[in-house]
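A short worksheet on the structure shown next.
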Amino acid sequence: MQKKLPIALLITLAVTTCAQNKSIKYELPQQLKDAKEQIIRHDAYTLSFNTDRLTPTYVAWCLTPERADGKAKRTNFFDVDPSLDARYQVKHGDYYGSGYDRGHICPAADNSHSPSAMQQSFYMSNMCPQSHALNAGGWNDLEVQCRSWARNYGKLYICAGPIYDTSNPRRIGTRRNYRIAVPDRFFKVILMIGKTTKAIGFIYPNAAANREMRSYAVSVDEVERITQLDFFYQLDDTTEKRVEAECKPAAWGI
């Protein structure tokens, strides 16, 4: 017969497990191996910066209601990332005349809970060359929707970044050693942990995206296939397999 543990010990174990789970960074994908990447951790997001393309491979953050409804004012001051090696520090002027926006991957409005986080959201390491039509249109709509979901669900784990369909993408920039790769598409994956844990992915073209949001929804598995990133690996295997295979926009109200 299996020996029963004392109630006090069971409570201690439950509390400890809960505390450990709260510290898990579900938004972070499995770290890449043998890649030209520099991992940078800022106050409110973590990014993997590709030192060849001079754009983030991904940016990951946990979006809470507090972050969605903060009072910190938007700075609009694009700056070099001091955490990056100086050899890879993109400047705001590198986008001049390119025809592309400095497109946030982790949105400024997701960092309105503190002036420091807001300032860091404008680091150029958090930017990609993005079509204005997408930046001001479908991509922005998805960002707004994520903040609405955070208010409803309490917490979202998000990872987003560019997709390059060729090994030799178009480049912008006038400085000789700072030619920035232009993405073909962008991805975002979102995880909500709760009574019914669920996840969803999105892929948008780097162009006008005028269809309904659900039209750009895909499974997390599909995003993993395209990006070769491993998302939400911290979940137990059964849950990870289930939520990453699903693509159910209606379950998210879209």
| task | Examine F122 together with F78 and report whether their ring centres are nearer than 6.0 Å. | result | yes
| Are K188 and W139 in a cation-pi contact, defined as NZ or CZ under 6.0 Å from the six-membered ring centre and within 45° of the axis? | yes
| message | I'd like to know if the side chain of N206 and the backbone of P129 have a donor-acceptor N/O pair within less than 3.5 Å. | response | yes
| said: If we check salt bridge (charged side-chain N to carboxylate O under 4.0 Å, His left out) with D94, which of these qualifies: R102, R175, R179? | reply: R175
| Whether Q89 side chain and L84 backbone form a donor-acceptor pair below 3.5 Å | yes
| query | Ignoring hydrogens and geometry, is there a side-chain-to-backbone donor-acceptor pair from Y233 to L28 under 3.5 Å? | reply | no
| H113 and D69: side chain to side chain donor-acceptor pair (under 3.5 Å), yes or no, with the steps? | CA-CA 7 Å; H113 58 296; D69 292 321; over 6 Å; no
| task | Test Y216 against R211 for side-chain contact (heavy atoms from CB on, under 4.5 Å), laying out the working first. | result | CA-CA 8 Å; Y216 302 98; R211 301 196 307 271; 3.5 Å; yes
| Donor-acceptor contact below 3.5 Å, side chain Q130 vs main chain I105 | no
| task | Would you mind checking if R242 and E246 are paired as a salt bridge, meaning a charged N to carboxylate O distance below 4.0 Å? | result | yes
| request: For the pair K198 (side chain) and V243 (backbone), establish whether a donor and an acceptor sit closer than 3.5 Å, ignoring hydrogens and angles. | output: no
| E37 backbone acceptor or donor facing N50 side chain under 3.5 Å | no
| field | Side-chain ion pair, R171 and D52, N-O less than 4.0 Å | value | yes
| query | So if you build clusters from Ile, Leu, Val, Met, Phe, Trp, Tyr with side-chain heavy-atom gaps below 4.5 Å, do W252 and V220 land together? | reply | no
| H104 (side chain) donor-acceptor with S121 (main chain) under 3.5 angstrom | yes
| field | Short side-chain to backbone donor-acceptor contact, Y164 and A181, under 3.5 Å | value | yes
| query | Aromatic ring centroids of F187 and F231 under 6.0 Å? | reply | yes
| query | Is there a donor-acceptor pair under 3.5 Å between the side chain of N126 and the backbone N or O of Y123? | reply | no
| field | For D110, the option from R74, R147, R67 that meets salt bridge (charged side-chain N to carboxylate O under 4.0 Å, His left out) | value | R147
| query | Is L47 reachable from F232 through a run of I, L, V, M, F, W or Y residues, each pair having side-chain heavy atoms under 4.5 Å apart? | reply | no
| field | R214 side chain vs I254 backbone, donor-acceptor pair below 3.5 Å | value | yes
| Lys NZ or Arg CZ of R185 over Y204 ring: under 6.0 Å, within 45° | no
